[in-house]
Each structure stands twice: as structure tokens, then as C-alpha cells.
Amino acid sequence: MNPAAGLAYACNARVLGPAALRAARLYAERQARGGAGRSPHLAPPLRIAPRCKEMVARHWLEGRHAQGVRKVAWVTSGAPVEFLTALGFYLLYPENHAAICGTARVAVDLATAAEEAGYSRDLCSYVRTDLGSLFSGRTPVGRLPRPDLLLACTNICQTVLFWYRVLAEHFGVPLVIVDTPFVYGEEAPPHALQYVGTQIDEAVAVAEKVAGRALSAQSFERVATRSRRATELWLEILQRNRHMPAPISAFDQFVLMAPIVELRGQAATVDLYAAMLREVDERIRRGMASVREEKYRVLWDNLPIWYRLRAVAELLAERRIAVVASTYTNAWGELAPYLDPARPRESMIRAYTYPILNRGTGHKLHIMQGMIDDYHLDGVILHSDRSCKPYSLGQMDQRERLSGSLKRPALLLEADHNDMRCYADEQAATRLAAFAEMLEAQR
Amino acid sequence: MGALPAIAPRAEVIRHHRQQGGQVAAVLPVYAPRALLRAYGFLPVEVWGPPGVRTSDGASHLQPYVCSIVRNALSFLLSGGLDSTDLILVPHACDSLQGLGSILLDFVKPRQPVVPLYFPRSDGAGAQGFLAEELRRLATRMGEITSRAPAADEILQYVVDEETGDRLLLELHEARRQLPLTNADFYRLIRSREYLPREAFETAARQALTMRQPDAAPARTLLLSGVVPEPTSLMAALDERQVQIVADDTLCGRRRVCPPGRSSDPFERLSQSWLGGPPDSTRGSSLAARSNYLVSRVKASGARGVVFHMVKFCEPELFYLPSLRKALQREGVPSVVLEVDLNDALSQQVLTRLDALLEMIP
Amino acid sequence: MTGISALGIDVGSATVKVVGVDDAGALCWDALEPAQARAEVQIARMVEDARRACDTLGGGKVALIATGCGRGLVHQAVREVTEITCHARGVFREVGHGGTLVDVGGQDSKVIAIDPGGAVTDFAMNDKCAAGTGRFLENAARHLGVPLESLGRVALEAREEVRISSTCTVFAESEIVSLLAHGVAVEPIVRGIHRALILRLVAMIRSVGLVAPLMLSGGVVCNPAISDLLAAETGQKVVLPRHPQLMGAYGAALIALEAR
């Protein structure tokens, strides 16, 4: 390790940076208490929101100085990462980075660089954002550390496979693929689970080589325990929304989910979500609702529209519609039961084979039907995300069954999670208004 | 130009097979386990589209940003196009085929059994065993459907036989320059492998190979890369311009002509064969492997330019495009990208791009 | 006056151009008309006019090469050559060097990489959607009530600029209507529309790779804002040939001359 880099890391990532971020958080908390950014229809964000933001910012800040100091792994959102954390890797999620760019509305600008390099606009907008950032060197988080290792798990889509092939070519570093066979039916067959297991073993071996040390069973168990605990807490937070009115909204969840995705195995993540759960319970006690006059409760299917979170939330809240659940945020909670820290390898095989995106369209319908019951929902918004085929294909049939046999209005909203050019404000507003009218007509 | 050996049309082949009491399996892209299907009495008939289908049927299940290969396949099924089949095999070659397989199983539920087949994307040690087991399970499923129970060595014989068919197919590809066939006829011949029983294909292939001449290729030659060489009027347009496609890199063509396996277990053997095939986007091969392969094909065939024939929305192909084009640029080989939808007639825009490429070849 | 030794015709979607060149390849005769619905009739008449000019100028029967999207309708031509090759040829001859040519037509736009010897090495075309073409400006002009001829001047004189985020012409129209309804002035919108067009062109330029100098051709280039904004956006000097609209026909004529 380069001593200068180590010193810069220690100063910036461990002392000065965090101090600045802490100051920013205190300021934000004070602003929030003072009523800044209040909306007439929406409850203010959770008090813990600035702390969550600070945690995420610290993570990216650390990334700016991590190169040459810590081993860095770029990983997909569904990848088994617990062993990487246990080996001391700094984890970077290009998807999260892309989402930050989307939320900050700089994604199109970055994607243009990828498109100019020949990447079609018909490819996933996360990829175009990420590759565009790579090719242009621009990022809103300052600087991204080069990876020492790439880990792509196909349990969310095949797109990541190609994306990480491009990254491997660009960086010239080892790429580990954990290919999880798609589960068309009720269960993954034994040979599929065995195949996943073999790949996880290979992944661990490569990671150990890159890290220059062996994976300690103790560290692994510790990380896996934290991962499980954080996942359980996250699930509990989501399930508190069964309460009527719902204390937080899915839009709040979209923002607050960053740590469960990218900081899952850390102790601070467990603490954060424990504190968040306490605050959510407090809201329930006080009868505080995410939408002040909640009348209709709906489910959001698919990724968020990152560059229009607030706008869509407001539009719906004005019509007293609260988005209280989403299959997307649920994906990081529903697999909690699979995680057994005492049997980490077996846990990982199942937990990473069974995410909702690796399962059939009938299964997703079943999950949505369950959520409609559990969360007492009146309707569903299916974001038909042109960038995400695994999530979007099947929505038309799901919509038909939800609105048909379940008699719940189900809106198919065509957009894209990161590419603003695929979203027309007027047309989307019209559709959401029509959906609201359908809900209103029901009761 | 020489005359193409007689090739029975698809409908006739299917009818004949059914008359003999056989069953028909509709197989979607990319890798078709013909040997296994034949072993259980199925005639494998591949479904690449087909082009020119009324897509309003599929439009109620699939969003517009799904490629026309998948949208057409579903529309074809829903409008009765697959009524003469007894099994629908949906390999997992991409996210869209994943969605199609799942929608068929969970929502459309056609009369025929729908059987998915997952293709491993990792290049590690477990891939071969996994694929062999997937194929074994496919065989089990077909046993349930047909009540047949061919022995392992019987199945092996089918695998070995199909390898012979593939060897002839490869020979046709490699002998392209020496065959005095129009582009249209050459593609009709090689694509007949998608539905002809192996024996019939071998007859046609051998007949064609007897037509070999020292070098029958014109001055302007191209390599065609992409999914399917459709619309077929593209072939006619090239023939009109006296341009020959001397090397094929399409998914339905040369890209999936795999070398023979080695094992005496039929499933291991087929798995070895497929995993040993040319670098392919749908298998997630590395960028370098694809680029090196493409450049070597250009050099070996003497192709003067490359046409990337992209079906709109085809992610696997679109991802590799930039690095492939760059590799060709480094070699001084001009290339052009054509974007097509299987239901569009050959457009002025496509022809203009094609002509512009031809004008770049001195 | 020298005789016409070769002819080129460019049948575009918005205009039809015919050019005659002399023995030395200099442009010595031209005609330009808005495209008419009965294209074959118009083509026949324009070719007839060109042939009469050949006789008058002492050129005799000369070869004609056709280019443009309607080139297939010109049965009088000995050959068809794409607008890619023709534009490159015409511009290269006129300015005397290679570089990156941006041609902005009524319904399509293209970027062509021309090497120092005048050969086309790569190109990108936008012929599927109106964004990045003259049609985009036309539609906007209609909504904004600005005459097409004044559009460029209004854009250049605007002191402010509003961002048009839509790349789709139809969505952009919605956006314009919305902006006007919110009381935004016409001038900043006009400038914003031009910016959107330029950005679309820049994306195409970068996908081919910008090799200086940047050259412009096509009818839309008559709009003064296009070259100004393009130069500003790319930081490159923009070279305009003397007859920006005739480059396709000129190139076709030069190719006909060579083939003699």
C-alpha cells in the first residue's frame, strides 16, 4: 500500500470527510426541524433520513480515497457479497451509482457519452449511465475507485453479464460470474442449486487470491449475522406499512434503502435500521401518515422513476393516494428467512437464487396478490420500465389479472428508471390522474 | 449460378412427419437440442420469428420494447401458427426469451407443454455438469410427454448423427466462396437445418457440395453478423448488387455450429459441444473472444466489409457492437449497422446504409 | 462559358437539386426546387431542363447520376449512388480537405467521416425520427408562430435560453405548449429548440468521432444559428461550402464525370 494514499485515506475518508458530512447532517436535521421543504400533502421525511444520507455519503467518500488502500470490488445489486465484506473489500455498486446520477438528473448527460461510444439507447439506462461515467470520467460522487475484482450475479438480469464483460475489458481485472439459473417453477432444482454453490466457491477462491488472504469463517459468520439482522429489520420496517395509515411511503423507502443494498454487512447498517424502525413505530403511535389524508393505498411494481420521485409522490398524494408498498424494496427483505449465519454457504445459494427477479411472472403475481391482502391495497401501479425487461415482461398479464379477478385498478405506466428522455411529464400525469379517478370511482 | 438442390418446404416436412405418426417440437432460439428431440420422436422445427406476423396478438402480453423475434413468436403461437406442434421448447438465451417462457408457462398456458431450458453463462467448472443435467431433465420431461424411454446409447447415436449433420453444415459455411449459389439460395440451404430431419439436410448439403468450384465469389464480399438474415429480400438486394456474403456470423447460422463433444454420455457430450462453440453474445462470451473471432473470420473468408444486422432491442448483440466495430476499424475493415424489425419490409434507409458501405469498399 | 460535362441529381424529401459540372469538375450549372408530390413528373422536367442547358452550353449528351432518398425514381440516371458518398465527394472537392461533414436535411441528418484523400471512412445517419432534422425546427416554428426564415435570427438574438429536455419531436411540442402556457417568452424557447437540435447532431458527431475540421451542408444550414451554435458547442471552427444545399448533387455530378 502506498503510504501517501494511506494517509490521504485516513485523513479524508476517516477524519475530515466524515466530520464535514456530520456537520452537513446536523444542518439538514436542523433545517428539517424548522420545516424546510414541507409539502402540503406529504409527511416530512423521517428524522433519521439525514443520518441515512450521511452514511451513504461516507461510503462514497471512502470510495474516493480507497484506491490503493483497500481492495475494491464492483458488484451487482443481487450479488452474494457477504464473503467480500468479510475479506475487507470496499464494495461499489455501479447500479447505486447510476441511481444517484438518475436522482441527481445527470444520468442523461452521462449516458450520452456511452451512446456516443456506440452503446444503443435501447440498452439499460443504468448501464449507459455507468459506462458514460466511466468514459467521460464524470461522476457526482467525486471519484470512483478502480475495481480489483468484478462480481456479477445474473439473478437480476442478463444485462449485468454483458455490462460486466465491458467493465472487465475496460479495467483488465478478474471478473467472477455467479450465474443463477432462472426459476421458472415453484423451486430451483437440485442441480441448479449445486451449480450456484460451485460458482460461489469459485468466487470465494478468486476473492481470496485478490485480497491476498483466506476467508475467516468467523468474519464470514459475523458479516452474515449482521446482514441477516439488517435484512430482518428492513423487512419489519416495510411491514409496518400494513398499518392504516401507513407511516412511511414507498418513495421514502426508495431513498432509505441504499444501506440495505450497499452496506448490508456492516454494524452501522443494523444500528441505522433499528433506529429507523423505532422512529416508524413512533409515527404509528402518533398516528402520523406518509400521506396526510391517506384514502387509497397502492403498490408500486418495478424500479422507481429516480428522476421524478418527488413529483410522482406529490401527484398521487394530492389525490390522497399513498404508495405504501413496493415489490422492489420488498426484494431486499423477503429473503431474510433464507439467511442462516450458521450455514452461510447454503444460505447464500438459496438467498441469491430466489430473489423475485430470478423467478417467474406467475410468482411475481402471487407476491403482488399477497401484498394486496397484507397491506390492504386498493390498486397497483406497474412501472413498465423499458430498461428492465425481467421486471417488466409479464406486467401486462399481471395487470389484467389484478384488475380483472382481483378488481384492483392496475395502471401500466410506461417510463424508464433513469432516462428522463423516456418520460413525458404531461402524458404521465394524465395517466396517473386517470388511475386516481378509477380508484375514486371504486369508493 | 448453380441450382439449389431441392429442399422440401417447412409445412410439407411437418405434414409428412405427422403422417408417419411423429410429433413436432417448436424450438425457440438459440441452441436447439435436436438429437434429444429426435430421440423422443419429435421433429425439431425452429421458430425464429417468423417474420411478417400480425403482432397485435402478442401485443397484449409483451411491451413494444421487446424484440420482434420474441413478439412474433408469441403472436405466431396465439394466431394458431404452432397448432401443428406438440411441444414448445423455450431455451433461455436472453431476458426476453426468459420473459416469453415464463409468460407461456404462467399465463398463456397453450395446449402444448412448454419446456424451458436454461443455458449456463459462467465459464467455470460447474457449467458443463449443470448443462448436462438440464438436458437430462429435458429428456425426462420428454419421456413423460411421449411415454418413450430410449436407452442412453440410443440417445448417444442420435447425438453422434446430429454431429455429422453439423459437420456438413460447417463444411457448407467454409466452402461458401466455392459454391456458385446466390445469397438467397445459400441461406435457404443452411437454414433448412432449422426444420429438415438431419438425413434430408445431409442429402441436400452433400448435393450442394458437389457444386464446388475453385472460387465463385465476386469482387465485393461481406461478412454478415447478427441474429437472422431477414427479411429475405435483403438477400435478393445483395444478389442484385452482385455482392456475396462469404462469411456468416448470425445467431441462427454459423455462430452456433458447435464442434462435436467427446463424452460417451449423450448429455455430457451435448453439453461439451455447446459450451465449446464459437464465442457468442447469448452465452456472455468475453468481448475480446468475440472480437478476435470476428476478425479472424473476416480474414479467413476475405470479406471486404461487415454488416451488423441488428434486430431492434436485441440486447446481447447490441452490447458487443461497439467493441466489435472498434476491432474492425483497427484492421481497416469498414462496417455498417442495420437496425431491423422482422415485420418491416426492406427499407430505403437500410438499403442506403448498405449501399454506402459497398461504396466504401474500393 | 464551359460546357456541362456531367450531371448530378439529388432527390431529397424537401427539395430536388440538379447540378452540372464542367470538364474540370467545377460547378457550372444548378437548379433547386421544393419537392413536389408527383416526383417523377418533376424529375423528368428538371432533367429535361438540365439537358437543354447542356445543349445550350455545348455539352452534348452527358451522363447523369442520381442520389438522395428518391434516387430510385430517376430512370434517366446511369447509376445511383448514396447521399453519403455524394455529399462527401461534393464537399471534399469544394473545400479541398477531409474532416467531419454534418449534413442536416429536411427529414434526415447525417455525419460523414472523410479522410484526407476524400474517402468515406465512417458515417452515422438519423433517418428514423425528426429530432436532429429540419422537421424538428419546422414543427417548433409552427407552434411558436415564428416564420421559418426568421427562426435562426430569433435564436441568435435571444438573450436567454430555455432547456428543451425532450428529444422526441412530439414530446417537444408538448413541452413548448406547456412552456408558452406558463408564460415563457418565445425567444428563449426558439434558442432552446436550436440547442436541442445541435445536441442531437453533436451526439451523432461524437459517435462517428470528430476529426477537424467540422463541415456543414444541407438546406437547414441556411439557418445562421445552426453553424454558430454548433461551433460553440464543439469548440470547433465550422466550415461551410459555398453551396451547402447542392453538395449531394455536386458530388453525384463529379462521380458521373469520373466515370466518363
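As a basis for the values below, the full set of heavy atoms in this structure was taken, side chains included, without hydrogen atoms, waters or symmetry mates. Letters A, B, ... mirror the listed sequences (proteins, then strands); counts begin at 1.
- Within the 4.5 Å cutoff, the side chain of A:Glu115 has no heavy atoms near those of the C:Ser207 side chain.
- In this structure, A:Arg421 places its CZ atom where more than 12 heavy-atom neighbours from other residues, nucleotides or ligands lie under 6.0 Å away.
- Counting heavy atoms of neighbouring residues, nucleotides and ligands inside a 6.0 Å radius, atom CZ of A:Arg38 exceeds 12 of them.
- For the atom pair CZ of C:Arg206 and OG1 of A:Thr112, the computed distance is 9.0 Å after rounding to the nearest 0.5 Å.
- Heavy-atom neighbours of C:Glu160 CD from other residues, nucleotides or ligands within 6.0 Å: at or below the threshold of 12.
- A:Arg105 does not touch chain C: none of its heavy atoms, backbone or side chain, sits under 4.5 Å away.
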